[in-house]
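What follows is one structure encoded as structure tokens, with my remarks underneath.
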Amino acid sequence: INILFKLSHNKNLKLSVQILNLLYNLTVGEGEDLKENQEEDNDNETGGNNKNESLIDRYYKTLYEFLPNIQLSVSKYLRDFLKILMLSLFRDQNLKRVSSCIKRMLEMSVASEPNYIICILIMLSQVFMNKPQLRKLITKDQTYKNYLNSNKENVKTIGKYAFYNCRNTRFNLLDGSVDTFNIETIGDAAFTSCYVSTNNKLVIPDSVKTIGSSAFNNCTQLKEIKFPDADDCQITRLESSVFASCSGLGKETEYELILPKTITYIGSSAFSSCTNLQRIKFANDNDHPITTVGGSAFNNCTALTQITFEGHGLNKCTSFGSSVYMNCTKLEIPVYPSNYSSVASNSFNGCKVLKTFNIPDTVTAVNEKAFYNCVELEEISGGASYSTIGAFAFASCSKLVNYSLPNSVSTIADSAFAGCWNIEWGDLIFPDSLLSIGESAFYGCFLEGDVYIPASVCSIGDAAFGGY
């Protein structure tokens with residue numbers, strides 16, 4: 001084994017990393033067996049100088065001394081070495097030695113490539129999770145602070161999954177407690193299921209241009225998000241699920257999330273399941289209108305009472321997805337594009353305090369479950385030209401009183417008005433454009449007058465008018 005220790009210091013990086021891996025398995029991996037024989041081995045092979053030095057201690061000394069190798073940070077064997085290093089740090093019971101190793105890692109990273117810096121940060125997050133006693137190094141040790149300050153200009157990208165699922169470690173990269181990093185890109189899922197910051201506040205630097213999808217998804221401890229000022233912000237898109245399930249926003253105090261005018265794209269599920277967020281304001285102006293609102297963007301924001309789109313509002317929106325306001329149970333006045341071609345499926349499904357809605361005249365279809373279970377909805381107005389009423393479109397709107405079928409309707413799908421027993425139909429006269437009436441379309445509706453079905457109707461589904 002002495003020969004292996006000597007060979008580990010050779011100039012061939014590949015051979016050195018392979019030998020370190022072998023030594024790890026022979027010492028740390030099987031340390032208990034070797035401890036019984038180490039004194040005899042040392043007497044026979046190394047003489048008196050090593051009598052009191054355990055093989056395990058010798059292994060750690062060799063491993064940690066290997067760290068300053070200047071070729072390592074750009075070597076293709078970096079991944080293999082870091083794997084050995086992290087496993088060894090996990091198993092090292094000497095906290096003082098681990099602390100010294102961490103300091104050395106940080107010191108040598110100052111002059112290293114950005115990819116190496118990110119690797120070190122990821123490794124440290126796992127080590128601190130494994131050894132909570134070392135966390136004081138983050139907040140009290142000057143070495144760590146010096147490391148962050150010296151690398152601010154180098155760290156421009158936080159890669160995909162960089163701090164994914166680091167549930168027990170807090171980071172000060174984005175909490176505003178240190179001078180701004182020069183970060184330009186925050187990758188997909190970079191902080192998913194993570195504490196994100198030391199103070200539960202996310203401060204996005206002015207330098208940031210791109211935030212990837214799910215970057216802060218499920219950051220449940222996050223209480224506040226601060227974007228750069230409008231004139232400094234470079235972010236134009238909120239990608240899918242970027243802040244989804246951030247249930248801590250607005251949890252303890254009433255909180256309004258304000259987004260700068262530069263953001264014109266809201267991805268699917270961007271704020272989905274932010275269950276304590278009460279108010280959102282998009283501070284857009286006429287020169288920076290919202291053009292896209294992705295599906296489920298605010299789905300299940302059950303505490304949301306107010307949403308504001310300044311400037312043109314959503315009148316310049318060319319893409320508005322399904323389920324955008326689904327289960328926003330406290331939102332009374334949802335904002336909808338005034339020139340859009342359809343009411344998307346599940347748009348207002350479960351909006352239990354919505355009382356009135358004006359369907360834009362540009363709408364040609366009210367899709368599946370668009371107003372399903374809007375139990376306080378009393379009036380639907382507008383909508384002179386839509387031809388399709390999707391399945392369950394108005395089902396379970398038990399307080400809906402004022403509604404008139406448009407003369408352009410051709411399809412009334414299954415259960416479209418099921419359970420709407422308060423609509424005052426009078427004599428229900430269907431237009432000549434109607435082609436089909438789906439199953440249970442008017443099930444449970446109280447029809448006090450006569451029903452006139454035109455010759456154009458090709459099919460009437462089972463129980464279409466049943467249950468009254």
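Note that the coordinates shown come from a computational prediction; the quantities given were computed from them, not determined experimentally.
Applying the side chain to side chain donor-acceptor pair (under 3.5 Å) definition to pairs two or more places apart or across chains, none involves residues 319-333.
Side chain of T62 to main chain of R58: a donor-acceptor pair is present (N/O by atom type, distance under 3.5 Å, no hydrogens or angles). With E378 contributing its side chain and N402 its backbone, the two residues share no donor-acceptor pair below 3.5 Å. In this structure a side-chain-to-backbone donor-acceptor pair under 3.5 Å is present from S433 to V409. Using modelled atom types, one side-chain atom of D188 and one backbone atom of S213 make a donor-acceptor pair closer than 3.5 Å. Checked by atom type and distance alone, the side chain of S347 never pairs as donor or acceptor with a backbone atom of V343 at under 3.5 Å. Side-chain atoms of T292 do not come within 3.5 Å of backbone N or O of I266 as any donor-acceptor pair. Between the side chain of K251 and the main chain of T275, no donor-acceptor pair closer than 3.5 Å is present. Using modelled atom types, one side-chain atom of T291 and one backbone atom of T264 make a donor-acceptor pair closer than 3.5 Å. In this structure, N284 contributes its side chain and I263 its backbone to a donor-acceptor pair below 3.5 Å. In terms of modelled atom types and a separation under 3.5 Å, the side chain of D229 and the main chain of D232 share no donor-acceptor contact.
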Q.
Run I412 and F417 through side-chain contact (heavy atoms from CB on, under 4.5 Å) and show every step you take.
A. CA-CA 9 Å; I412 301 175; F417 296 94; 4.2 Å; yes
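Taken to the nearest 0.5 Å, the CG atom of D57 stands 9.5 Å off from the OH atom of Y60. Put simply, CG on L20 and OG on S88 are 8.5 Å apart, with the number rounded to the nearest 0.5 Å. For the atom pair CG of L238 and OG of S268, the computed distance is 11.5 Å after rounding to the nearest 0.5 Å. Between atom CD1 of residue I423 and atom OH of residue Y403 there is a gap of 7.5 Å, rounded to the nearest 0.5 Å. Note that the CD atom of Q306 and the CG atom of L277 stand 11.0 Å from one another [nearest 0.5 Å]. The OG atom of S345 lies 9.5 Å from the CE atom of M326; values are rounded to the nearest 0.5 Å.
Between the side chains of N315 and S338, at least one donor N or O lies within less than 3.5 Å of an accepting N or O. Defined by atom type and a distance below 3.5 Å, a donor-acceptor pair is present between the side-chain atoms of N218 and S193. Defined by atom type and a distance below 3.5 Å, a donor-acceptor pair is present between the side-chain atoms of N300 and S273.
With a 6.0 Å radius and a threshold of 12 heavy atoms from other residues, nucleotides or ligands, N407 has its CG atom at or below the threshold. Heavy-atom contacts from other residues, nucleotides or ligands closer than 6.0 Å to OH of Y255 number more than 12. K316 NZ: 12 or fewer foreign heavy atoms inside a 6.0 Å radius. The environment of L15 atom CG is dense: over 12 non-hydrogen atoms of other residues, nucleotides or ligands sit within 6.0 angstrom.
Nearest heavy atoms, K131 versus D92: NZ-O, 2.9 Å. Taking each heavy atom of M123 and L89 in turn, the nearest pair found is SD-CD1, 4.0 Å.
Checking each of V366, T356, I359 against I380 for a side chain to side chain contact (heavy atoms under 4.5 Å, CB included) leaves exactly one that passes, namely I359.
Taking the six-membered ring for Trp and thresholds of 30 and 60 degrees, F309 and F298 have ring planes more than 60 degrees apart, a perpendicular arrangement. Relative ring orientation between F191 and F163 is described as parallel, the plane-to-plane angle staying below 30° on a 0-90° scale split at 30° and 60°.
Residues M86 and Q126 are in side-chain contact: their nearest non-hydrogen atoms beyond the backbone lie under 4.5 Å apart. Taking the side chain as every heavy atom from C-beta outward, L257 and I225 approach each other to under 4.5 Å. Between C374 and L354 there is a side-chain heavy-atom pair separated by less than 4.5 Å. Under the 4.5 Å side-chain criterion, counting only non-hydrogen atoms from C-beta, N217 is not in contact with V242. Two residues are said to be in side-chain contact when any heavy atoms from C-beta on lie closer than 4.5 Å; V208 and I186 meet this criterion. Two residues are said to be in side-chain contact when any heavy atoms from C-beta on lie closer than 4.5 Å; Y372 and F394 fail this criterion. Annotation: side chain of F243 is in contact with side chain of L202 (closest heavy-atom distance under 4.5 Å). Here the side chains of Y265 and T236 are not in contact, with every heavy-atom distance at 4.5 Å or above.
Between E254 and R279 there is a salt bridge, since a side-chain N of the basic residue sits under 4.0 Å from a carboxylate O of the acidic one. Taking 4.0 Å as the cut-off between side-chain N and carboxylate O, E376 and K399 count as a salt-bridged pair.
For Y59, the ring-ring contact (aromatic ring centres under 6.0 Å, His included) criterion is met by no residue, not counting sequence neighbours.
In this structure, R97 is not positioned above the aromatic face of Y64 in the sense of NZ or CZ being under 6.0 Å from the six-membered ring centre and within 45° of the axis.
Between F392 and F371, the gap from one ring centroid to the other reaches at least 6.0 Å.
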